Amino acid sequence: MKRRTMMYSIAGAGAVMALGMSMTSFAATGWSMENGEWRYYLSDGEEVTDDWKKSGDHWFYLGEDGRMVKSSLIEDGDDYYYVNSTGARVSNEWRKLPNEDPEDDEPDEVWYYFQSSGKACKAPNSGKTSFKSIHIASGETKKYAFDDRGHMLFGWVNEESQRVSGDEAWREGTYYCGDEDDGAMVQQAWRLLEAQDDDNNDSSYDGQYWFYFQANGKKAANTKKTINGGKYLFLENGNAQYEWYSTPSNASGTASPSQASSYYKRPDQCWLATGWFYTVPSEEVDPEGYANDESYWFYGLNGGGVVTSQFKTIGGHTYGFDDKGRMLFGLYKLEVQDRTILSYEEIESESDFPSPDDGRAVYYFGTSPKDGVMGTGRCTVSLDGEKYTYYFNKSGSGRGAGVEGIYDGSIYEKGRLLTIDSGVRYGIIEYDGKEYLVNQSGKIQKNKKNLKDADGIYYSSDKDGIVTHRGDKE
C-alpha cells in the first residue's frame, strides 16, 4: 500500500487542536514517548511504521521512521488524510494546505475537506464531476466538487472534475464555483463573469457576460428560459444574449419575418424586450439605420421577434410597422392587404404626392394622442415647411386610409384636401374629368351664380358644384 506523508506547519485558526486526547505509555507494547516523540510498538516489540493507530477517540499516523506524524497531509493508498498539530486525524473539517504539485494556473494553496471518516473528498473513480453537500460554519449547506487529488475545485469547472481556466474557460466550463476561497456551486443564480470574446465588436461589450446557473448547477446554454418573469436566450456557450438577435432560418431556409429578430435589452439586463422599446437597429435588421446610429420604436412580441409589416392595435390605438419592425411615423403611401403592409414609401414633400392612378393609399401616423398613432378623421400634416389638410377614414376595412373623392362638401385626393391658391376667393378644381367651383377653404360652391373672385372673374355652378360659367363678365 502506497503511503506518503507531507509535513506542513499550519498556524492560526486553521490549525485546529484535537481535544480530549490521552496517550498512555507502555514499556513494551503500544504507545511510547521516546526523546519527545511518540512511537508505537506491537506485542512482539516491532515498531509500527507507515500505519494508523488509535488512542482514545482519535487516530494517529506513524511515519516511515516510526515517529507519530503531525501537521501533515497523509496519502494512504488512493486516499488523503490530514493530521493536525497534535497528530490527530481530522474529520468534518476544511483545511487550506500548500499545493504540493501545482499545475498551470493553480494557486499555491488549496482547500481540502476531510469527511467524518477522515478521508478527503475527491473526484469519483468515473472521473465525472460530482458535488458533495457540506454543512458550513454559517449554518448553510452548500455543494462542492473536488479533483482526483482532493483539491477543492473553484471557478469554471467542466464535467470531468477539472477546473477550467484561461480565455476559453467561459466556453468550456459547465459549472461555476466561486473563487479559490469559496468553491461553492452556484445554483439558481446569475453571475456576471469575465469572458474574453474576440468575435464581439459591440461597443457595449466590456469583457463580461451574464450567465445563469440552474438547479443542478449547470449553466443554461443553447436554450430559452423564463426566470422571475423575464424571458432570456442563452447562446451555445451559455452567455445570455443581449441587444439584437437574428433567429436562424428554419428548415425551409427562411425565418418568419416577425420572428427574424428579437431584442434582449442592454447587457446589464438581457431579458427579452416585449412591448415598446426604443433603440438603434442591428446591422442585420437595418444596415442604414445601424450605420447612422439612428434609434426607432419597435414592439416586441411575447414569444420573441418584433411586429413587422402590419397594423397593430396596442392600448386601443393603431400603429403601423415596416418590414424591419420600425414604427411608422409621418405620412406614407402604403400598399395594404387586410392589415398587412405589403409596401411602404414615406411622403416627405409635395413631389412625393401619389398620382391619381397610384394604387397605393395614403396613411398618416402622427403625434396625437401619442407618437405613431394612425390618424383618422381630419388631420393637419406638415411637409417640408408647408401645411396640408387630410381626411382619413374613421372606420371600416379602409380605416386610416385617406378618403378619395367628394366628402363632406370638399374634394379629396388620396386623403389630401384639394384647395385653390390663397387670396383668390374662388377657383376651379378639376377632379375626375370635371371642373368644380370651390372657395379658399376647398368647399364646393353649389348652385352659385356670378361669384366674383379676387381677379374679377365670374363663376357659376350647377347643383353639384360643377362650373357652368367662367368669364370676366356675368
Side-chain angles (χ1 to χ4, degrees), residues 1-4 6 8 14 72-82 89-136 140-189 191 193-196 209 211-223 234 236-239:
M1 177 182 290
K2 177 183 176 184
R3 289 188 172 94
R4 187 157 62 101
M6 286 148 275
Y8 306 124
S72 298
L73 183 69
I74 309 296
E75 184 178 356
D76 188 354
D78 293 330
D79 296 311
Y80 296 89
Y81 302 85
Y82 183 74
R89 185 168 77 191
V90 303
S91 59
N92 299 318
E93 283 189 19
W94 284 100
R95 289 282 174 160
K96 190 174 188 181
L97 305 174
N99 189 353
E100 69 278 2
D101 188 18
E103 297 178 357
D104 291 343
D105 298 322
E106 284 192 332
D108 293 333
E109 293 183 304
V110 292
W111 283 97
Y112 294 80
Y113 184 77
F114 299 96
Q115 305 171 77
S116 58
S117 65
K119 291 181 182 180
C121 291
K122 65 174 193 173
N125 292 334
S126 67
K128 296 299 182 182
T129 302
S130 66
F131 288 84
K132 182 173 179 60
S133 296
I134 299 174
H135 195 68
I136 59 177
E140 300 175 275
T141 298
K142 295 189 176 182
K143 294 183 178 181
Y144 300 84
F146 302 84
D147 66 14
D148 57 4
R149 298 167 296 169
H151 297 179
M152 180 194 76
L153 297 173
F154 64 91
W156 282 106
V157 175
N158 64 21
E159 295 193 77
E160 286 74 44
S161 299
Q162 298 169 334
R163 192 170 71 87
V164 186
S165 60
D167 292 345
E168 297 299 302
W170 66 279
R171 300 182 193 272
E172 299 170 1
T174 300
Y175 306 92
Y176 190 75
C177 299
D179 61 30
E180 63 182 80
D181 287 319
D182 180 0
M185 171 205 280
V186 177
Q187 295 176 271
Q188 293 181 295
R191 288 292 185 274
L193 301 173
E194 297 294 325
Q196 182 63 41
Y209 285 136
F211 298 84
Y212 183 78
F213 298 91
Q214 304 169 90
N216 62 3
K218 293 185 177 183
K219 67 183 179 183
N222 200 28
T223 187
F234 298 94
E236 179 183 4
N237 296 307
N239 50 310

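Residue numbers count from 1 along this sequence. Note that the structure is a prediction, hence the values are computed from the model and not measured.
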(request) Would you check if R149 and E103 make a side-chain contact, meaning some heavy-atom pair closer than 4.5 Å? (result) yes

(request) Say whether, by atom type as modelled, one donor and one acceptor occur between the side chain of N92 and the main chain of S116 under 3.5 angstrom. (result) yes

(message) Please give me the minimum heavy-atom distance between M185 and C177, naming the atom from each residue.
(response) CA-SG, 4.1 Å

(message) Closer than 3.5 angstrom, by distance alone: can the side chain of Q187 be matched with the main-chain N or O of G217 as a donor-acceptor pair?
(response) no

(request) Tell me, yes or no, whether the heavy-atom count around D179 atom CG, taken from other residues, nucleotides or ligands under 6.0 Å, exceeds 12. (result) yes

(request) Side-chain contact test, heavy atoms from C-beta onward, threshold under 4.5 Å: evaluate it for W170 versus F211 and give yes or no. (result) yes

(message) Please find the pair of heavy atoms, one from Y81 and one from S117, that lie closest to each other, and give the distance.
(response) CE2-O, 4.0 Å

(message) Using the rule ring-ring contact (aromatic ring centres under 6.0 Å, His included), only one of Y112, Y144, Y113 pairs with H151; which is it?
(response) Y112

(request) Given side-chain contact (heavy atoms from CB on, under 4.5 Å), test Y82 with E93 step by step and report yes or no. (result) CA-CA 10 Å; Y82 183 74; E93 283 189 19; 5.9 Å; no

(request) Drop me the distance from Y175's OH to K143's NZ, to the nearest 0.5 angstrom. (result) 10.0 Å

(request) Check K132 against C121 and note the closest heavy-atom contact, atom names and distance. (result) CD-SG, 3.1 Å

(message) If you compare all heavy atoms of A189 against all heavy atoms of R191, which two are closest, and at what distance to 0.1 Å?
(response) CB-NH1, 3.8 Å

(message) Can you confirm whether K128 sits close enough to E160 that some side-chain heavy atom of one is under 4.5 Å from a side-chain heavy atom of the other?
(response) yes

(message) Would you say that W156 contacts K219 through its side chain, given a criterion of any heavy-atom pair below 4.5 Å between the two side chains?
(response) yes

(message) To the closest 0.5 Å, what do you measure between CG (D147) and CD (Q162)?
(response) 9.0 Å

(request) Measure the shortest side-chain to side-chain distance between T141 and S133 over non-hydrogen atoms and say whether it is less than 4.5 angstrom. (result) yes

(message) Minimum heavy-atom separation for G118 and S91, please, with both atom names.
(response) N-CB, 4.2 Å

(request) Please name the pair of heavy atoms, one in G127 and one in S161, separated by the smallest distance, quoted to 0.1 Å. (result) O-OG, 3.2 Å

(message) Test your reading of the model: is there a side-chain donor-acceptor pair from D148 to the backbone of A123, 3.5 Å cut-off?
(response) no

(request) With the side chain counted from C-beta on, respond yes when F213 and K218 share a heavy-atom pair under 4.5 Å apart, and no when they do not. (result) no

(message) Less than 4.5 Å apart, side chain to side chain, heavy atoms only: is that true for V157 and T129?
(response) yes

(message) Using 0.5 Å steps for rounding, measure from the CZ atom of F154 to the CZ atom of F146.
(response) 13.0 Å

(request) Measure the CD-NE2 distance between E140 and H135 for me, rounded to the nearest 0.5 Å. (result) 9.5 Å

(request) Take Q188 and Y212 through the test side-chain contact (heavy atoms from CB on, under 4.5 Å) and record every step on the way to the result. (result) CA-CA 7 Å; Q188 293 181 295; Y212 183 78; 3.7 Å; yes

(message) Please determine whether side-chain contact (heavy atoms from CB on, under 4.5 Å) holds for the pair R95 and L73, giving the CA-CA distance in whole Å, both sets of side-chain angles, and the decisive distance to 0.1 Å.
(response) CA-CA 10 Å; R95 289 282 174 160; L73 183 69; over 6 Å; no

(request) Nearest 0.5 Å please: distance from the NZ atom of K119 over to the CD1 atom of I74. (result) 15.0 Å

(request) Under the side-chain contact (heavy atoms from CB on, under 4.5 Å) rule, what do W111 and D181 come out as? Steps first, then yes or no, please. (result) CA-CA 8 Å; W111 283 97; D181 287 319; 2.9 Å; yes

(request) Find the distance between CE (M152) and CZ (R163) and round it off to the nearest 0.5 Å. (result) 10.0 Å

(message) For a 4.5 angstrom cut-off between non-hydrogen side-chain atoms, does D79 reach K122?
(response) yes

